[in-house]
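One structure is given below, encoded as structure tokens.
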Amino acid sequence: MLKLPIYLDNNATTPMDPRVLEAMLPYFTEYFGNAASRNHPFGWKAEEAVDYAREQIAKLINASEKEIIFTSGATESNNLALKGVFEMYREKGNHIITVNIEHKAIIDTCRHLEKQGAEVTYLEPQPDGRVTVEQVEAAIKPNTILISVMYGNNEIGCINPIREIGEMAHKHGVLLHTDATQSIGKIPVDVLTDNIDLASFTGHKMYGPKGIGALYVRRKNPRVKVTSQLDGGGHERGMRSGTLNVTGIVGFGKACELAMNEMAEEGVRLAKLRDKLERELLTLEESYVNGSTEHRLPHVTNISFKYVEGEGLMMGVKDIAVSSGSACTSASLEPSYVLKNLGLDDELAHSSLRFGLGRFTTEEQIDFAIDHVKTAVIKLRDMSPLWEMFKEGIDLKSIEWAEH
Amino acid sequence: MAYSEKVIDHYQNPRNIGTLDKSSNNVGTGLVGAPECGDVMRLQIQVNDETGVIEDAKFKTFGCGSAIASSSLATEWLKGKTINDALTIDNMDIVEELALPPVKIHCSVLAEDAIKAAINDYRTKQGLEPIVDGKKHY
Ligand SMILES: Cc1ncc(COP(=O)(O)O)c(C=O)c1O
Ligand code: FES
């Protein structure tokens with residue numbers, strides 16, 4: 001028997017892998033020391049665990065341990081990267097290039113920096129959600145210090161040409177930060193060959209615990225530094241003060257090790273399930289995939305169903321946990337700025353669902369989801385006056401709507 | 001968003017989904033809302049010319065569960081009422097019956113608007129003045 005609802009929102013967060021939990025448990029009670037306590041075995045034991053985890057994490061992205069700065073998650077990593085670089089390289093310039101479909105932790109940090117005197121360019125992605133190297137290069141100015149482009153998008157899963165952007169950035173002497181929260185642990189990310197200077201990621205999107213993340217900060221070619229955003233004991237080579245979250249770090253490390261070992265095989269399995277889900281749902285008329293299907297994370301699909309409203313659809317698919325891109329604006333439920341900035345047509349005359357598959361997703365669950373979503377969409381279209389008009393060949397744009 | 005049991009019931013078993021012949025003289029059609037606002041409601045009534053009684057009512061709604069429930073409930077209430085009685089249906093009656101939270105009040109307003117629009121359409125077809133809609137919009 002399938003247990004309902006089925007979790008298909010792994011881009012929001014992932015369940016913790018039991019193997020991660022097992023690795024963490026002793027560090028809550030038995031080895032509870034402060035990794036900064038240098039004078040006794042309690043501290044040594046904690047430090048040892050942190051060092052080991054740092055290696056596991058660094059290895060996953062082909063970095064060295066010293067380049068991993070622990071944070072509370074990707075939000076903090078993004079803040080530290082952007083604010084830290086802006087403050088550290090202020091005399092070099094004040095211009096930052098990013099994209100208007102980045103995560104809020106990037107967009108809002110940029111907005112904040114604009115108030116501090118930064119100049120920010122928000123690029124518009126191509127219709128498939130990706131930016132091109134040429135586009136980014138064209139935005140570079142003499143005062144550009146940083147490019148921040150996400151690796152894989154959290155809403156549609158499209159993957160940016162990071163390696164090429166990094167190569168181009170280095171040619172111009174500009175740093176590249178990437179929010180790789182959705183990508184690290186899912187697809188191979190190699191900070192060296194990908195020419196990345198700073199990368200944000202987090203434990204809870206890769207079957208590790210919540211509240212622990214990291215910022216990769218390159219130490220060689222070039223040596224990158226960020227100004228600390230938290231004053232205190234000077235932990236993490238002075239870039240992030242605060243007693244280390246040892247249990248979280250141990251779990252994060254284990255999660256990275258598991259990802260490293262299982263990613264290749266798991267990616268193939270997930271892509272197969274995702275493709276099945278997508279193929280089946282696209283048999284519904286007037287349904288469309290949002291974003292690139294060529295350059296995409298293996299576990300994500302985002303599908304729009306025209307003539308069905310978002311909130312109504314969410315109510316109809318209550319046996320699966322997914323997230324929805326758009327809903328009625330009248331109740332001030334904002335439509336997804338990501339989809340809006342992709343320039344989806346007919347704005348809200350459609351609704352979209354984001355499916356994020358994960359390590360614990362089974363084929364049986366996907367089969368159920370296919371049926372469940374199809375049933376809901378068909379039922380709602382039977383109820384939808386817009387669907388009826390569409391079927392009668394009436395152009396919705398030709399109608400004078402009494403907007404309220 | 002937690003929905004009341006009544007909203008869920010109307011959503012799962014909507015009453016009177018369908019389409020009446022909008023070209024017929026004794027059918028009034030109200031189409032309100034806009035796709036960009038995320039809600040469009042179409043409500044139709046079929047009126048007995050002699051008695052002024054609404055003999056049938058149908059709806060189709062593109063919108064959230066509360067909008068679907070509001071229009072479904074409206075069709076239930078309309079059937080058997082005279083046009084004049086139908087005009088007294090207030091959106092707050094719908095809010096109360098469905099236990100709609102404040103953010104969903106506009107879904108009920110839409111239903112009331114749809115009722116008025118359908119009645120106006122019917123009156124116009126009958127050569128009568130449309131009644132002025134005094135309802136403020138949210
Ligand atoms: C692309 C991206 N960046 C940043 C974050 C924030 O991560 P965290 O929850 O670890 O702060 C998320 C998660 O929602 C994300 O998807
Ligand atoms: S129709 Fe807009 S929230 Fe119900």
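All chains are named by letter (A, B, ...) in the order of the sequence lines, taking the proteins before the strands, and each is independently numbered beginning at 1. Worth saying up front: this structure is predicted, and the values here are computed from it rather than measured.
- Put simply, the side chain of A:Tyr307 never gets that close to the backbone of B:Phe62: no donor and acceptor are under 3.5 Å apart.
- Interface summary for chain A: among B:Ser66, B:Pro102, B:Gly63, B:Gly65, the most heavy-atom pairs under 4.5 angstrom belong to B:Gly63.
- The two residues B:Ile17 and A:Asp382 have their closest heavy-atom pair at CG2-O, 3.8 Å.
- When all heavy atoms of B:Pro14 and A:Met383 are compared, the closest pair comes out as CG-CE, 3.7 Å.
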### Task
Given side-chain contact (heavy atoms from CB on, under 4.5 Å), test B:Ile8 with A:Met315 step by step and report yes or no.
CA-CA 9 Å; B:Ile8 292 171; A:Met315 201 170 161; 4.1 Å; yes
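- Residue B:Glu129 places its CD atom among 12 or fewer non-hydrogen atoms of other residues, nucleotides or ligands, all under 6.0 Å distant.
- Across A:Pro385 and B:Val40, no two heavy atoms sit closer than the pair CG-O, 3.7 Å.
- Annotation for B:Glu55: atom CD counts as buried by contact number, over 12 foreign heavy atoms lying within 6.0 Å.
- Around CD of A:Glu124, the count of heavy atoms belonging to other residues, nucleotides or ligands within 6.0 Å does not exceed 12.
- With rounding to the nearest 0.5 angstrom, the CD atom of B:Gln12 is 5.5 Å from the NZ atom of A:Lys318.
- Heavy-atom minimum distance, A:Glu388 versus B:Lys60: OE1-NZ, 2.9 Å.
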### Task
Take B:Arg42 and A:Met389 through the test side-chain contact (heavy atoms from CB on, under 4.5 Å) and record every step on the way to the result.
CA-CA 11 Å; B:Arg42 190 192 63 199; A:Met389 289 175 197; 5.6 Å; no
